[in-house]
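These notes concern the structure reproduced below.
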2 protein chains.
Amino acid sequence: MNSLPPLTHQFVSHFGEMGSRWGINRTVGQIYALIFVSPKPLNADEIAEALEFSRSNVSIGLKELQSWRLVKLKHLAGDRREYFEAPQDVWEIFKSLAEEKRRREVEPTLSMLRAALVETPGNEADAHAQKRMQQMHELIDLSSTWFDDVQRLSPETIGRLMRMGSSIKTVLDMTDKLKIVGRKKVSS
Amino acid sequence: MNSLPPLTHQFVSHFGEMGSRWGINRTVGQIYALIFVSPKPLNADEIAEALEFSRSNVSIGLKELQSWRLVKLKHLAGDRREYFEAPQDVWEIFKSLAEEKRRREVEPTLSMLRAALVETPGNEADAHAQKRMQQMHELIDLSSTWFDDVQRLSPETIGRLMRMGSSIKTVLDMTDKLKIVGRKKVSS
DNA sequence: TTGTATTTTCACGAATGTGTGAAAACTGTA
DNA sequence: TACAGTTTTCACACATTCGTGAAAATACAA
């Protein structure tokens, strides 16, 4: 760990520190950071040595990172060991992360809400609770579906959308106007 | 806790279970859930009784929820106790959450990346690492700025944008075409 | 198949996080 | 100021998570 070059070291340390806030542990964060900045795939021993973790710890960390689809397993010719690398395209990474987060952190709640919404509340309190759940469901469902849709766009298109920022409103207003004009034309 | 009406109970339990995935603990999750579905503001004692938590635990949980801006403190006339309620507008809640998450989970990383990007790499490995950090920075910075922008739009506009889903691409393509036509006109 | 390199599992100690009751601190009223 | 209601802090016990080395399982070459 201390033998890492300064920028890499800084990056790896930061991911270790932030790990807990992101819901992964220090080890996993550092392993990912190291793989992310590495110019070539790494095997578990290299990681264990660079980070001064036990081999078993690295094994567990890599399993976890694979479950998040943040690292890809790669086999090098003439080498039996397993090598890992991070996808090169950061948009790809972003997508995997978002998708996995939704699956783990959002979907279960959506299911619970859906189940609760088809029940018939047995009293005043539950009737109100159900109304609140309805509001929550609407919001989560809309954002979730939207994210799903947008994810399918090319990175280039997403980039274009994002760079518009809040001026997307103007575009939206414009298209709405066009639609109304269109409708008027048809109906008149 | 067991005296809560069934739908409320289900909701509260779920938030307790999901808590760990969301980076809050069971207690905090349940307290929030209870406040969210409650038709009226609640005080700490009511929460402690309903959830069968110790009074001190509720106090700590409420502090945490306030720090996330998920509950609002409210004083009821003629009552010295502090009452808490969740903002009624779910979009408002969503915004607070997103903002707070960015502040805690994204900003520190952006700072670190910015700092690393102005350094001069001392060797090949760090040169490559810096390139990767550059890519990561670009992505996070763009998304972060975009989120900031969009957050300022009215819930209604955001809703409109989201309901468009991936067909936003068509709109984007259209406006691009308009711009090109416009430019041609000017230049010709 | 055997043998060896490699990965995974597991039990354990260490570290961290959680929830409690009691005590301290605070707040507003008289 | 005194004091009663309310909130917060704190030390402690308990639970959970983390990281390790050793042993077991797996994969593959000969």
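Convention: sequence-line order gives letters A, B, ...; per-chain numbering from 1.
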When you get a sec, tell me which of D:dT7, D:dT20, D:dT6 is the closest nucleotide to the side chain of B:R55? D:dT7

Output the rounded distance in Å from [atom1] ([X]) to [atom2] ([N]).
| X | N | atom1 | atom2 | result |
| --- | --- | --- | --- | --- |
| B:L51 | C:dG19 | CG | C1' | 13 Å |
| A:E82 | C:dT6 | CD | C1' | 8 Å |
| A:R80 | C:dT8 | CZ | P | 14 Å |
| B:E17 | D:dT16 | CD | P | 14 Å |
| B:R21 | D:dT17 | CZ | C1' | 16 Å |
| B:N57 | D:dC10 | CG | C1' | 14 Å |
| A:K74 | C:dT7 | NZ | P | 17 Å |
| A:Q30 | D:dC18 | CD | P | 14 Å |

Under 4.0 Å between a side-chain N or O of [X] and OP1 or OP2 of [N]?
| X | N | result |
| --- | --- | --- |
| B:S59 | D:dT8 | yes |
| A:T27 | D:dG19 | yes |
| A:R81 | C:dT6 | yes |

Can you confirm whether A:V90 sits close enough to A:F36 that some side-chain heavy atom of one is under 4.5 Å from a side-chain heavy atom of the other? yes

Do A:Q66 and A:K63 touch side chain to side chain, with heavy atoms closer than 4.5 Å? yes

Only one of B:L142, B:V150, B:L139 passes side chain to side chain contact (heavy atoms under 4.5 Å, CB included) with A:M162; say which it is. B:L142

Please tell me which of A:I60 and B:D79 maps to the more 5' nucleotide of DNA chain D, matching each residue to the nucleotide holding its nearest heavy atom. B:D79

Does the pair A:E99 and A:R102 meet the rule for a salt bridge (Lys or Arg N to Asp or Glu O under 4.0 Å), with working shown? CA-CA 5 Å; A:E99 221 170 277; A:R102 195 185 55 178; over 6 Å; no

Determine the contact category for B:N25: base if any of its heavy atoms lies under 4.0 Å from a base atom, sugar-phosphate if only primed atoms, P, OP1 or OP2 are that close, otherwise nothing.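 It contacts sugar-phosphate atoms only.
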
base_contact_polar (D:dG21 base, A:S54 side chain, donor-acceptor, <3.5 Å): no

Side-chain donor/acceptor contact of A:R26 with base of D:dT17 under 3.5 Å: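 Donor-acceptor pair under 3.5 Å: no.
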
Should the pair B:W91 and B:F94 be assigned to parallel (<30°), tilted (30 to 60°) or perpendicular (>60°) ring geometry? perpendicular

